[in-house]
There are 2 protein chains.
Amino acid sequence: MPVIDSTPVTSPPVDVCVAAGTEHPRPDGQDRYTISEVAAYTGLSAPTLRWYEEIGLLPDVERSHNGQRRFGNRDLDWLAFVRRLRLTGMPVADMVHFAQLVKRGEETFDERRQILERTRREVLARMAELQDTVAVLDAKIDFYAGAHQASERA
Amino acid sequence: MPVIDSTPVTSPPVDVCVAAGTEHPRPDGQDRYTISEVAAYTGLSAPTLRWYEEIGLLPDVERSHNGQRRFGNRDLDWLAFVRRLRLTGMPVADMVHFAQLVKRGEETFDERRQILERTRREVLARMAELQDTVAVLDAKIDFYAGAHQASERA
DNA sequence: CGCTTGCTTCAAGTGCACTTGAAGGTCCTA
DNA sequence: TAGGACCTTCAAGTGCACTTGAAGCAAGCG
């Protein structure tokens, strides 16, 4: 059976910007990964990947002739993005909403942009808080280190 | 009944560096807050404060003559620090461990320092990831904004 | 042929961080 | 003295993000 490319390349502009950046284990065209391969590559567990698909966070996963999932590079890119969103603290439900917008196509570009802009603001706010926290930690670390040295000198 | 200062000021060096920084609703000496006052001030719910005390994350809260909690500025400072640690993603169990170290006094300075240094490293790593995420978000936002303008121009 | 490996679905369970409910005590005001 | 506001404890419930278990299918190997 020939290898089938899940992305017809010149299809509707689903989300071109997802396909940016990182390298893939296999080049486009040979990118048909089993669930355990994707689990190993992404660090997510196989049940989690199934669950992501079930709730609509990872839609349209291909299947092999006998019903097994075959993930593509597009899925890996999407999962990498999902991982980033998860790190920002975005709830899974919101990511599902975003995934649905992506599925609906170009008409949702505006809402998607708004969501990402809001997320961006939240991330920056979070980074500022973390920066402050680093300052607090530094102060405490200095205190403990100083006290330790003092008691050593005593 | 006279106001009782819960911190005898010249007592053992429990954690001097906790008392740093921010201002308090009431000055030391008049700092006896009810649970709802602390809830309003910290944003934590009253049940959460009780639960924090129960699990040992907020030890040694004073009680009034009839058994009601009376929090002090020391407690507010500690809660502010807990809030920071929570923002770093530290599990509550780890914070409880840290609280126990604080209770044990000076002999745990070294372990406390090590914990905070590790936390510091994790926070910096997290910030770097978030910085990368901002870059990814910017790229996508630009893409959506550009596509939007393009379709408007069409 | 039977065994192992790896996948499948569906349902139930887990861990964390709280939240909510029930029943009751204490103080202040009308 | 009755009501309301605020507190108490203890136990049970909730929401989220998975994780685990049970039962079964399909391909490859000895």
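So that the names make sense, note that chain A is the first sequence line, chain B the second, and so on, each numbered from 1.
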Salt-bridge contact [X]-[Y] (side-chain N to carboxylate O under 4.0 Å):
X	Y	value
A:Glu117	A:Arg113	yes
B:Glu54	B:Arg69	no
A:Glu37	A:Arg70	no

Rounded to the nearest angstrom, tell me the gap between atom [atom1] in [X] and atom [atom2] in [N].
X	N	atom1	atom2	answer
A:Glu53	C:dT9	CD	P	7 Å
B:Glu54	D:dC10	CD	P	8 Å
B:Arg50	D:dC10	CZ	C1'	12 Å
B:Phe71	D:dT8	CZ	C1'	12 Å
B:Leu49	D:dT8	CG	C1'	14 Å
B:Arg63	D:dT8	CZ	P	6 Å
B:Ile35	D:dT9	CD1	P	8 Å

Atom pair OH/CG of A:Tyr144 and B:Asp110 - distance to nearest 0.5 Å: 11.5 Å
Expected rows: protein N/O vs nucleotides 2-4 of chain C N/O, under 3.5 Å:
none

Distance-minimising heavy-atom pair for A:Leu101 and A:Thr108: O-OG1, 2.7 Å
Sugar-phosphate, base or nothing in reach of B:Ser64, heavy atoms under 4.0 Å: nothing
Listed partners of A:Gln100 passing side-chain hydrogen bond (donor to acceptor under 3.5 Å, both in side chains), at least two apart: none
Give me the distances for all protein-to-nucleotides 16-26 of chain D N/O pairs that come in under 3.5 Å?
from: D:dA17; atom 1: OP1; to: A:Val92; atom 2: N; distance (Å): 3.2
from: D:dC18; atom 1: OP1; to: A:Arg86; atom 2: NH1; distance (Å): 3.1
from: D:dC18; atom 1: OP2; to: A:Tyr52; atom 2: OH; distance (Å): 3.0
from: D:dT19; atom 1: OP2; to: A:Ser45; atom 2: OG; distance (Å): 2.9
from: D:dT19; atom 1: OP2; to: A:Thr48; atom 2: OG1; distance (Å): 2.7

Side-chain N or O of B:Arg69 closer than 4.0 Å to phosphate OP1/OP2 of D:dC7: no
Ring-face cation contact, A:Phe98 with A:Lys103, 6.0 Å cut, 45° max: no
Residue pair A:Glu111 / A:His97, side-chain donor-acceptor N/O under 3.5 Å: yes
Side-chain H-bond candidate by donor/acceptor type, B:Tyr33 with B:Asp75, under 3.5 Å: no
